Amino acid sequence: MRRMEERILRDGKVLPGGILKVGSFLNQQIDTDFLRAMGQEIARLYAGSGVTKILTIEASGIAIAAAAALELGVPMLFAKKHKTSNVDGSVYSTVVHSFTHGTDYTVVVSRDYLLPSDRVLLVDDFLANGAALRGLAELTRQAGAELVGAAIAIEKAFQGGGDALRADGVRVESLAVIESLEDGAITFRR
Ligand code: 5GP
C-alpha cells in the first residue's frame, strides 16, 4: 500500500534495536482518515474469503482490527493480555513472547466469542518475529475455528516472522513490508 510506505517514510521514527515508532498516526495518535483507508485495503484483500470474525491482541491492534471489521461487516474480537483466571475453563489461552518488551505474557479470549464455526482473520499493527500472530493462531486452533489468514499494517521482514508463517501455509498480507531499518534508513520490500 503506497500510502502506508509514504506515511512511514514521512512520520516513522527508527529506534535502536530495529524498532519503528509510528505513534504519530497509528500507535498512539491515530489518523482516522488513514485508518479508514487501511480498513478498506484489508477488506479488499480478503473480500470473498468468508471471514466471520477478526481477531487481534490488545492494545495496539484494536484500532486497525476494528477498521477492517467495519469494512468487512464482521465482529472484531481482541485477546486480552491480563492474567484472567481460567479456573472455570471459560477462556482459551496461550503464552506469547513480547518482542518489544522482552517478556512473556498470557493472552486469553473467552470461549463464548471464538466459535468452532468462525472463519478468522488475524489483524495486528506490526509483524516482527511472529510470536503475536502465532499466539492468535493458537487461540483460533483451540477454538476449532478456521484460520483464513492475517493482515498486518507493518511487517518487518528482516525479523522473519512473516515469511516463516507463509512457509507454514498461512496467508499473510502486509500493507507495508520493511526489508531493513539499518543505520536508520527505511528500505521496503519490492
Ligand atoms: P512479533 O510478535 O511479531 O515479534 O511482534 C509483533 C508485536 O510486537 C506487535 O503486536 C507490536 O505491538 C510489537 N512490535 C514489534 N515490532 C515493533 C516495532 O518496530 N514497533 C512497534 N511500535 N511495535 C512493534
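Both counts, for ligands and for their atoms, begin at 1 and track the order of listing. Remember, it's a predicted structure, so these values are computed and weren't measured experimentally.
- Not a single heavy atom of Lys21 sits less than 4.0 Å from an atom of ligand 1.
- Inclusion of Asp124 in the set of residues having an N or O under 3.5 Å from an N or O of ligand 1 is warranted.
- Between Gly162 and Val172, the shortest heavy-atom distance links the atoms O-CG2, 4.3 Å.
- When non-hydrogen atoms are compared, ligand 1 lies under 4.0 Å from the backbone of Phe126 as well as from its side chain.
- Of the protein's heavy atoms, Phe99 CD2, 3.5 Å lies nearest to atom 15 (C) of ligand 1.
- Of the N or O atoms in Ile19, none lie within a sub-3.5 Å distance of an N or O in ligand 1.
- Under a 4.0 Å N-O distance rule, the pair Glu173/Arg166 does not qualify as a salt bridge.
- Ligand 1 places these atoms under 4.0 Å from at least one heavy atom of Ala132: 2 (O).
- Gln159 is listed as a side-chain neighbour of Phe99, based on a closest heavy-atom distance under 4.5 Å.
- By the criterion of a heavy-atom distance under 4.0 Å, both the backbone and the side chain of Asn129 are placed next to ligand 1.
- Residue Leu133 has no N or O atom closer than 3.5 Å to an N or O atom of ligand 1.
- Backbone and side-chain nitrogen or oxygen atoms of Leu20 are examined, and one is located within less than 3.5 angstrom of a nitrogen or oxygen of ligand 1.
- Taking every heavy atom of Asp125 and a limit of under 4.0 angstrom, the matching atoms of ligand 1 come to 9 (C), 10 (O), 11 (C), 12 (O).
- Closest heavy-atom approach to atom 3 (O) of ligand 1 among the candidates Gly161, Gly130, Gly160, Ser60: Gly130.
- Closest to atom 14 (N) of ligand 1, if we only count protein heavy atoms, is Thr100 CG2, 3.5 Å.
- At a threshold of 4.0 Å, the pair Arg3-Asp33 counts as salt-bridged, since one of the basic side-chain nitrogens sits closer than that to a carboxylate oxygen.
- Annotation: Phe188, atom CZ; neighbour count of heavy atoms from other residues, nucleotides and ligands within 6.0 Å is above 12.
- Side-chain contact annotation: Ser174 with Glu155, donor-acceptor N/O pair under 3.5 Å present.
- Counting heavy atoms from C-beta outward, Val22 and Asp11 have side chains that stay 4.5 Å or more apart.
- Comment: Arg44 engages Glu41 in a salt bridge, judged by a side-chain N to carboxylate O separation of less than 4.0 angstrom.
- For the pair Lys156 and ligand 1, the shortest N or O to N or O distance falls below 3.5 Å.
- For atom 5 (O) of ligand 1, the closest non-hydrogen atom on the protein side is Ala128 CB, 3.6 Å.
- Counted within 6.0 Å of CD on Glu58, heavy atoms from surrounding residues, nucleotides or ligands total more than 12; the atom is thus considered enclosed.
- By the 4.5 Å heavy-atom criterion applied to side chains, Asp183 and Val14 are not counted as neighbours.
- With atom 22 (N) of ligand 1 as the reference point, the heavy atom nearest to it among Thr56, Asn27, Val22, Leu181 is part of Asn27.
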